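Note sheet for the following structure.
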Amino acid sequence: MNDEKKTNITVLLQAGRLPLDIMAEARTLAEKHDLGIYLTTMQNLRLTGVPEKVLEEVKSSLAALGADFKGPGKFPIPRVCVGMGHCNLGIIDTEAFSTTIVEKFGERKHTKAKFKIAVAGCTMCCPGVKTSDIGIMATRNGYEVFVGGKGGPYPKIGRRIAKKVTESEVMDIMAVLVEFHDRKTEKKQRFHKLLDDPEFPFKEI
Ligand code: SF4
């Protein structure tokens, strides 16, 4: 029996986009080391069944191409729909919106686990904005922001805390929410459990 220890590596992808050079290298590594390739529900790329003895080799090959890896404390990259230009209903460029979020918050360290963000290009909510910790939905009349949604075995619909707001106002709201989650959370916490905290900073609208 082969009892070689194996692990997984998750490459973080911005707005679900897979750079061609990383895709090519992942294929090469998968063929070389007999790895699996899985596209995660958070739109990242996971190499599965990585023998621990080649872990550093695999990571450094991908890191040389600019790959960033999932790890403790990292701020979550939003899950986005394909958005304007690729979907007829799209009102906004979701990739650009996600990039703005990552530029504003991506350097934060020590983000607690179980914190998910979603951005939808219209009210159809394809990426699950109402079942994410922070959900941002584009409408013809500005953005709506939802907090405290979750999936899993006991799903919850997020509470709407803003409507008809601008992108800049969304970023300000997110900054307050991110700080609140950080301050109120020891290790991991879905936002849903914080909605009824007396200090929760927004009303339902
Ligand atoms: S949320 Fe709207 S814009 Fe985004 S993929 Fe779905 S239908 Fe298209």
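Here the structure is a predicted model, which is why all the values come from computation and not from measurement. Hydrogens, waters and symmetry mates are skipped; everything else that's a heavy atom, side chains included, is used. As the structure lists them, so they are numbered: ligands from 1, and atoms in each ligand from 1.
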Within the distance-only criterion (no hydrogens, no angle test), does the side chain of K112 pair as donor or acceptor with the backbone N or O of T185 below 3.5 angstrom?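 Between the backbone of T185 and the side chain of K112 there is a qualifying donor-acceptor contact (under 3.5 Å).
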Does A63 offer a backbone N or O that forms a donor-acceptor pair with the side chain of K59 under 3.5 Å? no
Considering the options I101, V129, V80, T94, which one meets the side chain to side chain contact (heavy atoms under 4.5 Å, CB included) requirement together with I136? I101
Numbered atoms of ligand 1 (with element) below 4.0 Å of [X], judged on heavy atoms:
{"X": "C87", "answer": "3 (S), 5 (S), 7 (S), 8 (Fe)"}
{"X": "C125", "answer": "1 (S)"}
{"X": "C81", "answer": "1 (S), 3 (S), 4 (Fe), 5 (S)"}
{"X": "G90", "answer": "3 (S)"}

Indicate if the distance from atom 4 (Fe) of ligand 1 to the nearest N, O or S atom of C126 falls below 2.8 Å. no
Does the shortest distance from atom 2 (Fe) of ligand 1 to an N/O/S atom of C122 fall below 2.8 Å?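 Here the distance criterion (N, O or S atom, under 2.8 Å) is met by C122, so yes.
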Taking the six-membered ring for Trp, is the centroid-to-centroid distance between F180 and F202 below 6.0 Å? no
If you define the side chain from C-beta out and look only at heavy atoms, does anything of V170 sit under 4.5 Å from F97?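 Yes, side chains in contact.
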